[in-house]
Student: 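Structure incoming, see below.
Basis for what follows: all heavy atoms, side chains included, without hydrogens, waters or symmetry-related copies.
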Amino acid sequence: MDSSRINVSSNSGNEGNNSATNDEEAEELCPGFKDVDSFVKYGLSAVVSATKASAGLPQAGDEYDFYRSFPGFQEFCESQGDRLLHCMSQLMQHHGCRAHMRDHNKLTGLEERFDLVVDSNDVILEKVGILLDEADGVNRSQQPVMPAGFQPPKIVVSSWNRKRGSETFRLLHAKNITRPQLKFKEKIDNSNTPFIPKIFIKPNAIKPLPSYFTNKQIRKERPEDLDVPAALADLIHQQRTQEHVEDMFAHPYQYELDHLTVPERMLSKPEPQMYKPMAETKCSFIDTLEDLVALNEKLCRLSEFAVDLEHHSYRSFLGITCLMQISTRDEDFIIDTLELRSEMYILNEAFTDPAVIKVFHGADSDIEWLQKDLGLYVVNLFDTHQASRALNLARHSLDHLLKFFCNVDSDKRYQLADWRIRPLPDEMFQYARADTHYLLYIYDCLRVQLLDFNHGQPGLLQSVWNKSRDISLKRYVKPIFTEESYLELQRKQKRSFNTQQLTAFRLLFAWRDKLARQEDESTGYVLPNHMMIKISEELPKEPQGIIACCNPVPPLVRQQVTELHLLVKEARDIPLLKAEIGAQQKKGLTPVKKPEVTLFGPHDTSRTSESDFPPFSPDELPVKQGMLFSDDEPGKDVDMEKMKGLVASAKITLFEVQIRSLTAAQVKASQIIESFHNPFRMYLPSKDVHVNKNAKFDPSTKIYEISKRWKLQSTEQQQKEMEAKRKAREEAKELAKKVSEERNKAKQSYQESLQNVATVRQQAAESAKGGGKKRERVASEVGESTPKPSKKLMKSAEKPSKKDTAPKDDFKPFDYHQSDFKVFAGIILTFSFHLHLFRQHKNPKGPKSNSSAGNRSLSYLAGKSDR
């Protein structure tokens, strides 16, 4: 008991001493500083004193040059500069950044140092942000950010996230991750120059590699071209030395692939070799050069192996190959291509061996990624995607082939994951492994089905080998920016822009491409297409409008919003065309008038040009009076040219048409109709375009040449047309004169004939003077009657006599005193008596006034006269 108490007491004493020492260690954050506040105060005072000291140095310019002339000051500056660069290099190495700060190249040394400092600051600040988040409790784990969410609703289900049961959906992505581009030994070339193959050693070569690729050190021996992109520097060197170098953009294995022959054993029916379960298959993760060399030796001893790649393209302009999966019949390999990017060319020995078959699925993109990032080329390729298409399977994806041949459900939850994450999570590791683990067994099954499908003949299988070889011949082509690059994207989007919107779209496209190349970011990360189109359509007047067009706002857009605002303002300053101004006014659903433009061609002689018609409206057209002889002046000539241009109005209405508002569909249809222009307008002389007067008379201008050519070609034709028009005009005038003369003669002869004709009263007076003899009626033959004259003919005959003829002698009333009134005595009495009886019989109640009685004709009763 005592001993136990002693042990307990001793243990407690030791624990107390340990706790005291731990408290003292916990109190001191780092040697010389008790807590964080004291460390921050000391660091802040050091930074302030350093800033004051730097401000006291001589300013750049004449003052600094003066002090620089003293040897002591010059030596002091160089020693302190080397000391500062050494400290900065140590800091960069501590944080895992590239730290070659002592580059004494006068051309690019300063720029490269500045870029290194900027990149290092970004890395350090990202780490500071991560540590601050961990201190605040936002992110306590050291693992990459892997948020897990619930299964999305059943409405939003696609082929890549379709799940069975109640499993959770996890989309792995890294929010705060160090950019792998910073660790690459060879800087990524995002310049606007063509891609040059990275290969400098050509294994399994039938045709040797051109000397350009083997002498890679030539570029380092030309310091004057160090600040120029590789492709441009080589082109400049060729022009400088006048050396003939073979096409440096050609496929290095073009000759080997063209002369590749498929062995007979590859065209025979194989026996499918079953794959091993994944749990029983060894899988190795390769991230060192020694493991990569050992893997290359294993692959060279095999007859076939399967390959797949994982690529990331959102945070890089050209994209990055992040992972390579290789599977054999007995083993799987996962290669970290980010770590071994500059050493991956070692695998060209196995990849270009024609005796080893490389099995891919959908190798169109993989071939380009291998060339771009790793400098690898493939000879003797078999693409299972092409075999699936040859067999006309229901679907050609890898998950369908896994289900069809292996009865394995592929897990596509991590298809959109960020493959830059390091260390690689186990879920993503297993997903990448499964892509190639079953691919060799699928390759055997497809070969068997291709032969069975073609009744044992190797023709269909041979066609798959040929298509796979064509895929191997693909070359990676770097995206090149030109002045017309934006037009392809505009055609794909199927948007119609006016002049201002198209200018804004072009400027934004160029700005996005330039910034993406500089920052090594994808164009979708800098400014997505739909946001760029939205800004181009709206043309915001303020920077806040640009931010409002983007949801969510890209980080680089928020940083560069002022520059974007200047680009949009520049586009708004461009004047619109007349047709575009009209289109903007029609947005308010106003009635649309169809353009009155006659379409005609320069060689169409069946139509007359618009200039031949007189420019008058239908209200001003000449009118021809509808009468036999008009009172027009005799000297007035009729212009026959105007009579040719009589045009009837095409609009015939019974009532007044009320303008009604058009529907949206009608407005859109009218806008489409107005968008069509005369296809021959290029041949017509311009009317609204302003041409400088001096340019018309300057022989060196194109306008003078065109006008002179037009005059030379059309002078004779214009003279002929003018002569024909003048002759036609003279003939028309002569014809009009003849018509007017004939009309005057007819009128004069008609008036003369009326002068010799006696009137009825004159005839009565003559008959009375002649003795009062009664005219005897000529007896007509039996059945013959005098035709009654028509009223219309009588009226037409009376009109000219009343209007045109005028008696020359004065009117003399007839003297009835000279006549014998006894002849009418009995007639008058009998007529008055009968008229009185008729009125009493018609109106027995009393006499009634009849205003129209005077207009009625009176009939005389037969009576006897006392003669």
Student: In the structure I gave you, are the side-chain heavy atoms of H530 and I533 within less than 4.5 Å of one another anywhere?
Tutor: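 No. Closest side-chain heavy atoms not under 4.5 Å.
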
Student: Under 4.0 Å between a side-chain nitrogen and a carboxylate oxygen: does that hold for R517 and D513?
Tutor: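 Salt bridge: yes.
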
Student: Dump the intermediate steps for side-chain contact (heavy atoms from CB on, under 4.5 Å) on I535 and C550, then the final yes or no.
Tutor: CA-CA 8 Å; I535 297 174; C550 304; 4.0 Å; yes

Student: Test N551 against M531 for side-chain contact (heavy atoms from CB on, under 4.5 Å), laying out the working first.
Tutor: CA-CA 8 Å; N551 185 22; M531 296 183 185; 5.6 Å; no

Student: Write down the atom of I547, the atom of V561, and the distance for their closest heavy-atom approach.
Tutor: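 Minimum heavy-atom contact is CD1-CG2, 3.9 Å.
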
Student: How would you list, by chain and number, every residue that makes a side-chain hydrogen bond (donor to acceptor under 3.5 Å, both in side chains) with K534, sequence neighbours excluded?
Tutor: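 Partners of K534 by the side-chain hydrogen bond (donor to acceptor under 3.5 Å, both in side chains) criterion, ordered by chain and then number, come out as E538.
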
Student: Using ring centroids (six-membered ring only for Trp), state whether F497 and F505 fall under 6.0 Å.
Tutor: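 Yes; F497 has its ring centre under 6.0 Å from that of F505.
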
Student: Which pair of non-hydrogen atoms, one from L527 and one from R512, has the smallest distance, and what is that distance?
Tutor: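 Heavy atoms of L527 and R512 come nearest at O-NH1, 2.8 Å.
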
Student: Please assess Q666 against T663 for the test side-chain contact (heavy atoms from CB on, under 4.5 Å), listing each intermediate value before the final yes or no.
Tutor: CA-CA 5 Å; Q666 292 174 342; T663 61; 3.2 Å; yes

Student: Are F195 and V477 packed together at the side-chain level, in the sense that at least one heavy-atom pair is separated by less than 4.5 angstrom?
Tutor: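 No - every pair of side-chain heavy atoms lies 4.5 Å or more apart.
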
Student: Which pair of non-hydrogen atoms, one from N529 and one from L489, has the smallest distance, and what is that distance?
Tutor: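 Looks like OD1-CD2, 3.7 Å.
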
Student: About how many Å separate CD of E484 and CD of Q490, when rounded to the nearest 0.5 Å?
Tutor: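 Q490 atom CD to E484 atom CD measures 12.5 Å (nearest 0.5 Å).
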
Student: Can you tell me how far the CG atom of L515 sits from the CD atom of E563, to the nearest 0.5 Å?
Tutor: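 It is 7.5 Å, given to the nearest 0.5 Å.
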
Student: Using 0.5 Å steps for rounding, measure from the SG atom of C549 to the CD atom of E537.
Tutor: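 Those atoms lie 9.5 Å apart.
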
Student: Got a salt bridge between K492 and E488, using NZ or NE/NH1/NH2 to carboxylate O under 4.0 Å?
Tutor: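 Yes, charged N to carboxylate O under 4.0 Å.
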
Student: Can you tell me how far NZ of K514 sits from CZ of F509, rounded to the nearest 0.5 angstrom?
Tutor: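 If we round to the nearest 0.5 Å, F509:CZ and K514:NZ are 15.0 Å apart.
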
Student: Grab the two heavy atoms, one from P528 and one from P554, that are nearest each other, plus how far apart they are.
Tutor: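 Residues P528 and P554, closest heavy atoms: CD-CG, 4.0 Å.
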
Student: Please report the interatomic distance CG(L564) to CE(M532), rounded to the nearest 0.5 Å.
Tutor: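 So the CG of L564 and the CE of M532 are separated by 11.0 Å.
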
Student: Compile the donor-acceptor pairs under 3.5 Å between side chains in residues 539-546 and protein atoms, sequence neighbours left out, one pair per line.
Tutor:
none

Student: Do V739 and R743 come close enough that some side-chain heavy atom pair is under 4.5 Å?
Tutor: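 In short, these two side chains do not touch, never coming nearer than 4.5 Å.
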
Student: Tell me, yes or no, whether the heavy-atom count around E483 atom CD, taken from other residues, nucleotides or ligands under 6.0 Å, exceeds 12.
Tutor: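 Counting other residues, nucleotides and ligands, CD of E483 stays at 12 neighbours or fewer.
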
Student: For the backbone of F249 and the side chain of R475, can you confirm whether one donor and one acceptor N or O come within less than 3.5 Å of each other?
Tutor: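 Yes, because the side chain of R475 sits within donor-acceptor range (under 3.5 Å) of the backbone of F249.
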
Student: Contact between Y486 and L508 at the side-chain level, heavy atoms closer than 4.5 Å - yes or no?
Tutor: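 SC-SC contact between Y486 and L508 ruled out.
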
Student: For a salt bridge (charged side-chain N to carboxylate O under 4.0 Å, His left out) check, start with the C-alpha distance between E723 and R726, then their side-chain angles and the critical distance, and finish with the verdict.
Tutor: CA-CA 5 Å; E723 186 68 22; R726 187 179 60 79; 2.2 Å; yes

Student: Does a side-chain N-to-carboxylate-O contact under 4.0 Å join E731 and K727?
Tutor: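 Result for this pair is no, no salt bridge flagged.
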
Student: Hey, could you give me the OG/CD distance between S536 and Q500, rounded to the nearest 0.5 Å?
Tutor: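 The distance works out to 12.0 Å.
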
Student: Evaluate side-chain contact (heavy atoms from CB on, under 4.5 Å) for Q501 paired with S496, printing each intermediate quantity in order.
Tutor: CA-CA 9 Å; Q501 293 173 343; S496 59; over 6 Å; no

